[in-house]
Amino acid sequence: MSAPSKQPVVDPVVVTAGTTCAEAIAQAGLPTSGPKAIVVVRDASGQLRDLDWAPSSDESVEPIAIDSPDGLNVLRHSAAHVLAQAVQDLFPEAKLGIGPPVENGFYYDFSVSKPFQPDDLEKIEKRMQEIVKSGQTFKRRRFEDLEAAKAELKDEPFKLELVDIKGDVDADVMEVGGGELTIYDNFDKDGKRCWGDLCRGPHLPSTRFIPAFKIMRSAAAYWRGSEKNPQLQRIYGTAWPSRDALKAYLQFLEEAAKRDHRKIGSDLDLFSFPDEIGSGLAVFHPKGGIIRRELENYSRKRHEEEGYQFVNSPHITKEQLFLTSGHLPYYKDTMFPPMQIEGAEYYLKPMNCPMHHLIYRARGRSYRELPLRLFEFGTVYRYEKSGVVHGLTRVRGLTMDDSHIYTTQEQMGDEIKFLLKFVLDLLADYGLSDFYLELSTRDDSPKFVGSEENWAEATAALERAATESGLELVPDPGGAAFYGPKISVQARDAIGRSWQMSTIQVDFNMPERFGLEYQAADGTRKRPALIHRALFGSIERFFGVLTEHYAGAFPAWLSPIQVVGIPIRTDHAPFLQSFVDRLRGQGIRAEVDESDDRMQKKIRTAQQQKIPFMVLAGDEDVSNGTVSFRYRDGSQRNGVSLDEAVEHVVEFVKSRANSGPSAA
RNA sequence: GCCCGGUUAGCUCAAUUGGCAGAGCACCUGUCUUGUAAACAGGAGGUUAAGGGUUCGAGUCCCUUACUGGGCUCCA
């Protein structure tokens with residue numbers, strides 16, 4: 001995401017009783033137009049107010065600029081109103097849903113008989129431009145009472161519903177008359193009212209304050225987010241404080257599209273989703289296979305070093321196992337339907353954990369073995385709804401780097417701390433280093449199992465580990481799974497998008513269900529604590545994220561082809577071949593481009609394949625016993641002796657550096 | 001699962017109101033032997049996603065299915 005501008009520090013402004021904020025802002029010499037314009041204020045109670053608000057007593061307010069987070073929301077909210085006005089101008093039968101600001105833009109939902117077509121959107125955008133240009137003012141108006149509101153909104157069924165909900169939920173709002181039911185009217189230059197919408201506000205002073213916007217797309221959305229409700233047509237738009245900001249945002253989207261792992265995956269021949277296999281089921285081609293193997297191998301090595309033990313489990317199992325684990329009742333909808341074998345029902349596994357618990361339970365366990373860390377690259381299958389599968393990030397067959405850690409209650413805190421550090425270090429080794437954490441905890445909902453004390457203890461342990469990491473921690477109350485709290489690690493990629501990566505999850509349910517025990521030092525039998533932990537989440541997803549992070553230019557150690565030899569003339573090929581053979585002898589993935597293409601074309605091809613090292617040799621290099629490097633960034637290092645060149649490549653790959661190589 | 005698009009050569013995309021399926025890249029063959037992002041010429045490549053319907057005639061219009069894109073819903 002383009003970084004939101006920081007809330008600018010602006011000194012408060014005092015608004016004299018009976019005058020408007022706009023007057024005070026102008027008097028204070030603050031910008032009233034341009035990309036820093038003050039568009040609303042925050043009053044003493046923290047509420048945002050329109051600029052034409054005139055307090056009844058002197059009040060100190062905080063001016064809010066259009067490029068601040070609050071200001072952007074106001075801008076986008078007002079843009080949504082303009083969108084709705086434009087739609088109702090062009091499609092008078094359209095009924096209004098809701099139209100809030102969202103990240104980077106806004107949307108508005110409409111009920112229309114025919115969904116919007118692409119050229120409808122063009123017309124709507126054009127009409128919006130006219131409205132913006134005409135400089136309509138937004139004016140707040142309070143409804144006298146619920147009945148007045150209903151009378152005025154009689155042709156807007158969805159708005160009526162909103163008014164009713166508001167009345168029901170917060171009945172005294174209307175009764176006290178201090179009420180919140182307001183409408184924003186739009187007036188044109190001649191003071192004629194041209195449109196209005198039930199709305200809490202605040203809004204920009206006028207449509208003139210919308211410097212740059214664009215309609216992005218339309219889509220269906222359920223009224224009030226429930227699939228039981230009718231579907232409305234949603235139009236998405238984006239709006240920015242300046243044309244440049246809009247341009248930068250559109251460029252960001254273009255950059256994101258260029259990095260789309262689905263496109264890169266087919267351009268670089270990494271993986272595909274053959275229709276014949278089925279939706280959401282990927283095959284990895286040889287080059288993708290190399291990357292995947294390198295990803296896995298490094299992870300495997302690090303896990304071994306950290307005391308994990310590797311296990312394997314089958315892909316299908318009898319029904320009973322998932323009844324024991326409790327998955328079947330909860331997740332049957334997202335499991336593939338069972339197959340009948342010898343009178344029993346077998347399911348494809350959607351999770352690895354039950355298998356690991358059986359391994360734990362295979363014999364008596366001693367406290368001396370704990371923490372016991374089981375690890376598996378376990379492939380699972382989930383019947384994701386057809387509308388949600390997406391590239392490698394949401395698939396129906398995925399391989400989790402799944403680990404289950406059994407500890408004593410006393411060890412859990414330290415284990416979590418150790419785990420979080422391990423997870424962050426390992427992600428950093430793959431080149432992701434910009435993280436924040438999310439702590440998902442329980443709320444009052446009855447769905448959560450396990451004792452209050454257990455939850456409190458586990459939550460405290462997670463929170464302590466998170467705090468000690470020094471990373472930003474975002475609370476997610478109520479977001480925990482029913483069986484325990486979790487930390488998730490969110491990583492920001494090269495262009496600032498965040499992806500959920502690893503999760504560390506405490507589970508109070510499974511040890512109970514599987515009757516897991518260990519024998520403590522005092523001879524008593526105790527229940528171990530269980531921590532689920534996935535680091536990549538799924539290999540497929542992680543592969544996709546890394547592909548986008550690197551835009552296909554994988555670090556040399558992951559690159560499917562690390563070195564391509566490019567002869568200047570055909571007869572230089574044998575010289576390069578012997579060089580490449582030396583590299584291969586040291587485990588480097590190297591080849592010579594012996595195609596009929598000219599040297600320049602070979603460079604272009606290698607460049608498009610994002611090969612880290614191009615090694616050229618012509619008459620000069622051959623007679624000097626040297627080669628010349630061209631790196632992926634276009635930089636060169638010429639006339640390098642063969643020994644040095646071999647060492648250079650080998651050392652660079654071994655270093656697992658995630659940037660470069662480069663002569664710079 | 002729901003709504004709206006889309007599916008034409010390996011890839012990216014053309015094809016007038018229904019009237020002979022085409023281009024670039026990639027691939028193959030030949031010529032050329034060149035110092036850092038595209039040599040030249042030729043060739044091959046198609047049941048227009050699949051199935052059905054309307055029509056003298058369908059890539060084009062209609063129906064069904066599959067896949068796919070954007071959203072909604074969902075995501076242990």
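Remember, it's a predicted structure, so these values are computed and weren't measured experimentally. Order of the sequence lines fixes the chain letters, A, B, ..., with proteins taken first and strands second; residue numbering starts at 1 for each chain.
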Worksheet item: When you match A:Asp267 and A:Val622 each to their closest nucleotide on RNA chain B, which lands nearer the 5' end?
Response: A:Asp267
Response to the item:
Nearest heavy-atom approach of A:Met335 to A:Tyr347 is CE-CD2, 3.7 Å
Worksheet item: Does A:Arg217 place a side-chain N or O at less than 4.0 Å from the phosphate oxygens OP1/OP2 of B:G71?
Response: yes
Practice prompt. Kindly say whether the aromatic ring centers of A:Tyr236 and A:Tyr107 come within a distance under 6.0 Å.
Written response: yes
Practice prompt. Spell out, as yes or no, whether a donor-acceptor pair under 3.5 Å connects the side chain of A:Arg533 to the backbone of A:Gln505.
Written response: no
Item to complete: Would you mind pulling out the nucleotide paired to B:G24, Watson-Crick or G-U wobble, both distances under 3.5 Å?
Response: B:C11
Fill in: Phosphate-side-chain proximity, A:Thr570 and B:U33, N/O vs OP1/OP2 below 4.0 Å
no
Fill in: Complementary nucleotide of B:C67, counting Watson-Crick and G-U pairs under 3.5 Å
B:G6
Response to the item:
Separation of B:G42 atom P from A:Asp596 atom CG, nearest Å, is 17 Å
Item to complete: Looking at every strand, decide which applies to A:Ser266 at a 4.0 Å heavy-atom threshold: base, sugar-phosphate, or nothing.
Response: nothing
Worksheet item: Ignoring hydrogens and geometry, is there a side-chain-to-backbone donor-acceptor pair from A:Ser623 to A:Asp619 under 3.5 Å?
Response: yes
Discussion item. Only pairs with both distances under 3.5 Å count, Watson-Crick or wobble alike; so what is the partner of B:A39 in this structure?
Written reply: B:U31
Discussion item. Distance check, C1' atoms only: B:G1 and B:C62, in whole angstrom units.
Written reply: 26 Å
Worksheet item: Across the strands shown, which category fits A:Asp619 at heavy-atom distances under 4.0 angstrom: base, sugar-phosphate, nothing?
Response: base
Worksheet item: How far, in whole Å, is B:C61 from B:G24 if one measures between their C1' atoms?
Response: 31 Å
Worksheet, complete the sentence: B:U54 -> Watson-Crick or G-U wobble partner, both distances under 3.5 Å, gives none
Practice prompt. Give one of base, sugar-phosphate or nothing for A:Gly278, where a contact means two heavy atoms less than 4.0 Å apart.
Written response: nothing
Discussion item. For the P atoms, the ones on B:C4 and on B:G43, what distance do you get once it is rounded to whole angstrom?
Written reply: 47 Å
Discussion item. Nearest whole Å is fine: how far is B:C4 P from A:Tyr107 OH?
Written reply: 20 Å
Discussion item. With a 6.0 Å cut-off (strictly less than), is the heavy-atom count around NZ of A:Lys263, excluding the residue itself, greater than 12?
Written reply: no
Discussion item. Heavy atoms from C-beta onward define the side chain here; which of B:C4, B:U34, B:A76 lies closest to that of A:Pro115?
Written reply: B:C4
Discussion item. Tell me which nucleotide, if any, is Watson-Crick or G-U wobble paired with B:U47 when both distances must be under 3.5 Å.
Written reply: none
Worksheet, complete the sentence: Separation of B:A38 atom C1' from A:Arg604 atom CZ, nearest Å, is 5 Å
Worksheet item: Rounded to whole angstroms, how far apart are CH2 on A:Trp223 and C1' on B:C72?
Response: 14 Å
Worksheet item: Among A:Tyr331, A:Phe336, A:Phe322, A:Tyr381, which one satisfies side chain to side chain contact (heavy atoms under 4.5 Å, CB included) with A:Pro350?
Response: A:Phe322
Fill in: Phosphate contact (B:C32 OP1 or OP2) by A:Lys601 side-chain N/O below 4.0 Å
no
Item to complete: Select from A:Ala617 and A:Gln505 the residue whose nearest nucleotide in RNA chain B is closer to the 5' end of that strand.
Response: A:Ala617
Discussion item. Just to be sure I understand the rule, does A:Tyr483 reach a base, reach only the sugar-phosphate, or reach nothing, if contact means heavy atoms closer than 4.0 Å?
Written reply: sugar-phosphate
Worksheet item: What integer distance in Å separates A:Asp593:CG from B:A38:P?
Response: 14 Å
Worksheet item: To the side chain of A:Gln233, which of B:A37, B:C3, B:A76 is closest?
Response: B:C3
Item to complete: Output yes when at least one side-chain N/O atom of A:Arg262 is less than 4.0 Å from OP1 or OP2 of B:C11, else no.
Response: no
Worksheet entry | A:His390 vs B:G70: side-chain N/O to OP1/OP2 distance below 4.0 Å | yes
Worksheet item: For A:Gln607, which contact category applies under a 4.0 Å heavy-atom criterion: base, sugar-phosphate, or nothing?
Response: base
Fill in: Short side-chain N/O contact from A:Ser279 to OP1 or OP2 of B:U68, under 4.0 Å
yes
Worksheet entry | Positions of residues 628-640 of chain A (non-hydrogen atom under 4.0 Å from RNA chain B), listed by number | A:Ser628, A:Arg630, A:Gln636, A:Asn638
Worksheet item: Do any N or O atoms from the side chain of A:Arg632 and from the backbone of A:Pro661 form a donor-acceptor pair under 3.5 angstrom?
Response: no
Worksheet, complete the sentence: Rounded to whole Å, CD of A:Gln231 lies from P of B:G70 at a distance of 17 Å
Item to complete: Would you check if the side chain of A:Thr626 reaches a backbone N or O of A:Ser641 as a donor-acceptor pair within less than 3.5 Å?
Response: no
Item to complete: Please state the P separation for the pair B:U60 and B:A21 - nearest whole angstrom.
Response: 13 Å
Worksheet item: Between B:A76 atom P and A:Tyr330 atom OH, what is the distance in whole Å?
Response: 13 Å
Fill in: Under 3.5 Å donor-acceptor, A:Asp401 side chain and A:Phe536 backbone
yes
Discussion item. Of the listed nucleotides (B:U36, B:G71, B:U33), which one gets closest to any side-chain atom of A:Ala219?
Written reply: B:G71
Item to complete: Would you kindly check whether a donor in the side chain of A:Thr605 faces an acceptor in the base of B:A38, or vice versa, at under 3.5 angstrom?
Response: no
Fill in: Inter-nucleotide P distance (B:A23, B:G69), Å rounded
30 Å
Discussion item. For a quick check of understanding: with a heavy-atom distance under 4.0 Å over all strands, which category does A:Asp621 fall into, base, sugar-phosphate or nothing?
Written reply: base
Fill in: Watson-Crick or G-U wobble partner of B:G18, both distances under 3.5 Å
none
Practice prompt. Counting heavy atoms from C-beta on, name the nucleotide in B:A39, B:A76, B:U73 closest to the side chain of A:Val388.
Written response: B:U73
Fill in: Of the listed nucleotides B:U34, B:A37, B:G1, the one nearest the side chain of A:Arg598
B:U34
Worksheet item: Among B:G1, B:U33, B:A37, which nucleotide sits nearest the side chain of A:Asp571?
Response: B:U33
Discussion item. Say we look at B:G30 and B:A44: how far apart would their P atoms be, to the nearest angstrom?
Written reply: 16 Å
Practice prompt. Mind calculating the distance between CG (A:Asp333) and C1' (B:G1) to the nearest angstrom?
Written response: 10 Å
Practice prompt. Please lay out, stage by stage, how A:Asp402 and A:Phe375 fare under the test side chain to side chain contact (heavy atoms under 4.5 Å, CB included).
Written response: CA-CA 6 Å; A:Asp402 212 357; A:Phe375 180 98; over 6 Å; no
Worksheet entry | Note, A:Thr441 side chain near A:Lys486 side chain (heavy atom, < 4.5 Å) | no
Worksheet item: Angle class for the A:Trp240/A:Tyr249 ring planes (parallel below 30°, perpendicular above 60°, tilted otherwise)?
Response: tilted
Discussion item. Please confirm whether the shortest side-chain N or O distance from A:Tyr236 to OP1 or OP2 of B:C72 is below 4.0 Å.
Written reply: yes
Item to complete: Give a yes/no on whether any side-chain N or O of A:Arg234 is located under 4.0 angstrom from OP1 or OP2 of B:G71.
Response: no
Practice prompt. Could you measure between the two C1' atoms, the one in B:C40 and the one in B:C32, and give it in whole Å?
Written response: 8 Å
Discussion item. Taking only the P atom of each, what is the distance from B:G46 to B:C3 in whole angstrom?
Written reply: 37 Å
